[in-house]
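We use all heavy atoms of the structure for the numbers below, so side chains are in, but hydrogens, waters and symmetry mates are not. Because the structure is a prediction, the values reported are computed rather than measured.
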Number of protein chains: 2
Amino acid sequence: MRRKRGQGSGEGVTMKTIADEAGVTLTTVSRILNGKGDNYAAATKEKIQEIADRHRYRPNALVRGIQTGKTDTAGVVIPLEPYFSDIVRGIHEVFLFNETLMMLSWNDHSKQIPNEKLERDILHRLIDRRVDGFIISPSAESLAQNYIEEILPRNIPLVLVDRELEGVETDFVGSDDLNGGRRAAEYLFSLGHRNMAFAGEQDSAASSLREQGFRAILSDMSACNCGERLDPSDEEEAEGFLEQFRGKNPPTALFCSTDDLAVSAMNVLSLAGLKVPGDVSILGFGNAAWLQQELPLSSFDPDPMAMGRMAARLYIERVNGTGPKQLQQRRVPPTLQARSTTAPRS
Amino acid sequence: MRRKRGQGSGEGVTMKTIADEAGVTLTTVSRILNGKGDNYAAATKEKIQEIADRHRYRPNALVRGIQTGKTDTAGVVIPLEPYFSDIVRGIHEVFLFNETLMMLSWNDHSKQIPNEKLERDILHRLIDRRVDGFIISPSAESLAQNYIEEILPRNIPLVLVDRELEGVETDFVGSDDLNGGRRAAEYLFSLGHRNMAFAGEQDSAASSLREQGFRAILSDMSACNCGERLDPSDEEEAEGFLEQFRGKNPPTALFCSTDDLAVSAMNVLSLAGLKVPGDVSILGFGNAAWLQQELPLSSFDPDPMAMGRMAARLYIERVNGTGPKQLQQRRVPPTLQARSTTAPRS
DNA sequence: ATGAAAGCGCTAACAT
DNA sequence: ATGTTAGCGCTTTCAT
């Protein structure tokens, strides 16, 4: 067996050490140090506490973990990139007040091919250490199988953040895309725009929700209309996209489901000689940090820190068994950041 | 006692479960699943393995931890801000190949007053969970006491990254500031500059090393000279700083010990009508990400990911007891990023 | 007001 | 080629 650590203070000090020194049993020490010693003589309590402090005694959470089945440790699997690290910061903030610590890991998000094997290995490492639950931001759909096979059957609480996974029945915390879409419409409407366009990718759940909310409001408003979804960054669709702005009575505002699309759109439009926001107001979604210095794009900030906080709160509910029985879907309303690519209709 | 988890597959499956099902003892299962079963009959080995797989058995690392005194888990205390999260990514990369996981935490780096109590609490949480060691990027000098009292006496390996702490005798991994300073001098010299200036803060260990390296090279070169250290962002020193550039035969190059100083210097110089790099070449240190889009500042990239990797490797050596006995000081040479604020002397 | 004893899931020394 | 036993550090029932 591996040697325990050397002989500094606080090392190798167990409840037994303290019990022996105080001339009482382990049980007594355990109860007193855990605040369950109401019945004990004040003198005993003080003595135990004093010895513990003097030795800088620290309880062994591993043992407590195997005894109680709870480790107060979460498995957090999130890439450490700008946007995501804000999610982690939000989680951390809530954990601070819940005696919880996170084991952090992630799979290489930068590689296009997600490494299923590697992620499964990471999950195993986390499960072996008996984390109470998981908070995961899945890097790809293809990883769903991992969660379905490794986490759910073991009945370990799992909260997904930022991205849902088809076929994985679990809690989810993300951005309120529907709400964002609605407010995009309301905002552009309030600037006087009536004729609008929408740019979005195909096959993106988030993008669809944003579009849905956007159109829902527009169809409630009178005298509003909006062209079909098109992707200015897609070779096939770019031409059609531009076409909309060439007819008579062209759109004066454009809502893009991501900031990337907003940038593509701006490029396409400016090549065609259109001014932003003079001729067309552009509103994005994502509030990408890399953008803000280059280009003052009006956009929705999904508030990743708030998402992290919300995910952590849900996690705590799950791990403690408080909170509702049904699976939760909680969404943080994005914050509108009006900058200089949107303006009143001229 | 808290209920163990419910009844899904892989839950509550222990070696005992497997042993019973196979009609052998715990020991047999333990040995076979740990690859120490060379002496066992192939049939037994296969049977055990099959049962384990079928039940999706996973070993309990908590138990292993209390038995062996090793948890394969590191306590990492680093703020999750841009520069630092790259350090964390470097650490993570190395841990992936060492069966190690990190418990990540940090104290609120944004608050000016570092919360000593909070950080001590975090260290306790980590110690209770019996991390094998620590990798810490201290947010303030005032926290030194925490490490001295809580970590060192317990003989827990501690590697400091990015920032050293006076009075804390421990391993350190950081940027090679001396080397950076030297190469700054060599680079500016190679561009033809002979008359130089240096901007740096007072009381910064890193800044002093950069200055030291810088001056060491200059004094080796013939016909070179460099004014005294001044801080253009300091009200008292700004005037003197500018004064240097007003004499006859003024400096044509400026090395700043941080990118922030480089920005201040540029402002001061441009107010005085001097052109960069036409009149003065400016070289910074830090390669701050927020800068790169605004201003193509020539600078040294301290390569935080490499620092993280190096710290993790040293950590692994410490935890495994391999590696040298003496305290280590390892430094990553920064990478020169020549952009457009430096040019040949005109 | 305190103790004794069983047990958590596993490892490792010591058998046979 | 496999089993027996003690023990890791603690919590929790059941005594007294």
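At whole-Å resolution of the value, CD1 in B/Ile66 and P in C/dA12 are 12 Å apart. Straight-line distance from the CG atom of B/Leu33 to the C1' atom of C/dC10: 12 Å, rounded to whole Å. Rounded to a whole Å, the CG atom of A/Asn60 is 9 Å from the P atom of D/dT11. Atoms NZ (A/Lys47) and C1' (C/dA1) sit 13 Å apart, rounded to a whole Å. Between the P atom of C/dA12 and the NZ atom of B/Lys70 lies a distance of 13 Å, rounded to the nearest Å. In this structure, CD of B/Gln67 is placed 14 Å from P of D/dC10, rounded to the nearest angstrom. What separates CZ of B/Arg130 from C1' of D/dG9 is a distance of 9 Å, to the nearest Å.
Shown here is B/Lys45, whose NZ atom has more than 12 heavy atoms of other residues, nucleotides or ligands within 6.0 Å. A 6.0 Å sphere centred on CD of B/Glu169 holds no more than 12 heavy atoms belonging to other residues, nucleotides or ligands.
To the nearest 0.5 Å, atoms NE2 (A/His55) and CD (A/Glu50) are separated by 8.0 Å.
Looking at A/Glu99 and A/Arg64, no side-chain N of the basic residue comes within less than 4.0 Å of a carboxylate O on the acidic one, giving no salt bridge.
Between B/Ser30 and the phosphate of C/dT11, there is a side-chain N or O to OP1/OP2 separation shorter than 4.0 Å. Look at B/Arg64 and you won't find any side-chain N or O under 4.0 angstrom from OP1 or OP2 of C/dG9. The phosphate of D/dT12 has OP1 or OP2 within less than 4.0 Å of a side-chain N or O from A/Lys36. Between D/dC10 and A/Tyr57, a contact under 4.0 Å exists linking OP1 or OP2 to a side-chain N or O. OP1 or OP2 of C/dT11 lies within a sub-4.0 Å distance of a side-chain N or O belonging to B/Asn34.
Residues B/Thr25 and B/Thr28 have side chains that bring a donor and an acceptor to within less than 3.5 angstrom of each other. Side chains of A/Asn115 and A/Glu119: no donor on one and acceptor on the other come within 3.5 Å. For the 3.5 Å distance criterion, the side chains of B/Thr73 and B/Arg129 fail to qualify, holding no donor opposite an acceptor.
Taking the side chain as every heavy atom from C-beta outward, A/Arg58 and B/Glu150 never approach each other to under 4.5 Å. Side-chain contact between B/Ile32 and B/Val24: absent, with no pair of heavy atoms (C-beta onward) separated by less than 4.5 Å.
A donor-acceptor distance shorter than 3.5 angstrom exists from the side chain of B/Arg154 to the backbone of A/Arg56, with no hydrogens or angles considered. Although no hydrogens or angles enter the test, the distance criterion places a donor-acceptor pair under 3.5 Å between the side chain of A/Arg125 and the main chain of B/Leu96.
In this structure, the helix from C/dA1-D/dT16 to C/dT16-D/dA1 shows an angle of 40° between the axis at its start and the axis at its end, each fitted on 5 base pairs and rounded to 10°.
When the nucleotides C/dA1, D/dC8, C/dG7 are ranked by their closest atom to the side chain of A/Asn39, C/dA1 comes out on top.
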Give every pair of a protein N or O atom and an N or O atom of nucleotides 3-6 of chain C that lie under 3.5 Å apart, one pair per line with the distance.
residue: C/dG3; atom: OP2; partner: A/Thr25; partner atom: N; Å: 3.1
residue: C/dG3; atom: OP2; partner: A/Thr25; partner atom: OG1; Å: 2.7
residue: C/dG3; atom: OP2; partner: A/Thr28; partner atom: OG1; Å: 2.7
residue: C/dG3; atom: O5'; partner: A/Thr25; partner atom: OG1; Å: 3.2
residue: C/dG3; atom: N7; partner: A/Arg31; partner atom: NH2; Å: 3.0
residue: C/dG3; atom: O6; partner: A/Arg31; partner atom: NH1; Å: 3.2
residue: C/dG3; atom: O6; partner: A/Arg31; partner atom: NH2; Å: 3.1
residue: C/dA4; atom: N6; partner: A/Thr27; partner atom: OG1; Å: 3.3

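Between A/Phe95 and A/Tyr315, the two ring planes are tilted [angle within 30° to 60°].
Scanning residues 14-21 of chain A for heavy-atom distances under 4.0 Å to DNA chain D yields A/Thr14, A/Met15.
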